[in-house]
Amino acid sequence: YTYFPAVELPDGTPAFTLVPCETFGSSVFEYLVSAEGLGGDGSNIGVFFYNPSTRILQSKFIPVGPYSFPLNAEQTGTTTLIDTNDSRLLNAVYMNGNIYTSQAMSLETFNSALGLYVLKPGGDVLLDVAYGNSFGYWFFPAIMPDKTGRLAVAFSYSDANNHPSVAYTVSGNTTAP
């Protein structure tokens, strides 16, 4: 194995929870991703390229829409809130030349929503969408494409009238579910 101490994002800040991409198919590189710290305006996802042949790790930022930490979730029957953690990326997949990844996040219009991304390692953004609603809390997402590019997303959901639940949705090709 190769050890890389103190991995940094392209701007020199420490990488926040590097997530290796589960790779389906072949690739010269192994890919890892990391959300940029606290998010905010001008947010980025750090994409890391590791070449096992040369043992070189390179990185670049891919700009995405703004995000911030998700709010903790309400649930029915109690005032105890569910800890939705933060906006770190939770899973990542590399398939058909694309990186698929997801995070929980908050926006002005959503308490806690899912950030869903489909990225080209070279920098193109094919999908950058917040998925949720204004009254519920959507958190702990996992995204998985099939070989045709359809997206399946599983996530946790809760609101003031519902107990914590698990939900899923499926979309058309590289579009929001």
Atom pair [atom1]/[atom2] of [X] and [Y] - distance to nearest 0.5 Å:
X      : Y      : atom1 : atom2 : value
Gln75  : Ser165 : CD    : OG    : 10.0 Å
Ser106 : Asp86  : OG    : CG    : 12.5 Å
Asn96  : Ser27  : CG    : OG    : 11.5 Å
Ser26  : Tyr94  : OG    : OH    : 8.0 Å
Asp128 : Ile45  : CG    : CD1   : 7.5 Å
Gln103 : Ser43  : CD    : OG    : 8.0 Å

Validation row: [X], [Y] side chains within 4.5 angstrom (heavy atoms):
X      : Y      : result
Tyr50  : Arg55  : yes
Glu8   : Thr13  : no
Tyr67  : Glu36  : yes
Phe24  : Lys147 : no
Phe49  : Pro121 : yes
Pro70  : Tyr137 : no
Asn44  : Pro63  : yes
Ile143 : Val153 : yes

Practice task
Evaluate the criterion side-chain contact (heavy atoms from CB on, under 4.5 Å) for residue pair Leu151 and Leu116; output intermediate values, then yes/no.
Solution key: CA-CA 10 Å; Leu151 303 178; Leu116 307 176; 6.0 Å; no

Side-chain heavy atoms nearer than 4.5 Å, only ILVMFWY residues, links allowed to pass through others: does that put [X] and [Y] together?
X      : Y      : value
Leu90  : Tyr100 : no
Phe139 : Phe110 : no
Leu107 : Leu71  : no
Tyr31  : Leu126 : no
Val28  : Phe48  : no

Practice task
List the steps, then state whether side-chain contact (heavy atoms from CB on, under 4.5 Å) holds for Phe140 with Asn85.
Solution key: CA-CA 9 Å; Phe140 299 132; Asn85 283 355; 3.5 Å; yes

Closest approach of [X] to [Y] (non-hydrogen atoms, all atoms of both residues):
X      : Y      : result
Met105 : Val129 : CE-O, 4.4 Å
Pro164 : Ile82  : CG-CD1, 3.3 Å
Ile62  : Gly123 : CG2-O, 3.6 Å
Val93  : Pro145 : CG1-CD, 3.8 Å
Thr23  : Glu30  : OG1-OE1, 4.1 Å

Counting distance only, does the side-chain N/O of [X] pair as donor-acceptor with the main-chain N or O of [Y] below 3.5 Å?
X     : Y      : answer
Ser87 : Ser68  : no
Thr76 : His163 : no
Thr84 : Ala73  : no

Problem - Full working for side-chain contact (heavy atoms from CB on, under 4.5 Å) between Thr101 and Val19 - result: CA-CA 9 Å; Thr101 191; Val19 178; 5.7 Å; no

Handout entry: Test applied, side chain to side chain contact (heavy atoms under 4.5 Å, CB included); reference residue, Leu18; option that passes from Leu9, Val33, Leu32
Key =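 Of Leu9, Val33, Leu32, side chain to side chain contact (heavy atoms under 4.5 Å, CB included) with Leu18 is met by Leu32 alone.
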
Problem - Residue among Val125, Leu127, Asn98 satisfying side chain to side chain contact (heavy atoms under 4.5 Å, CB included) with Leu119 - result: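 That would be Val125; it is the only one of Val125, Leu127, Asn98 passing the side chain to side chain contact (heavy atoms under 4.5 Å, CB included) with Leu119.
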
Practice task
Can you label the angle between the Trp138 ring and the Phe155 ring as parallel, tilted or perpendicular, going by 30° and 60°?
Solution key: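 The rings of Trp138 and Phe155 lie parallel, inter-plane angle below 30°.
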
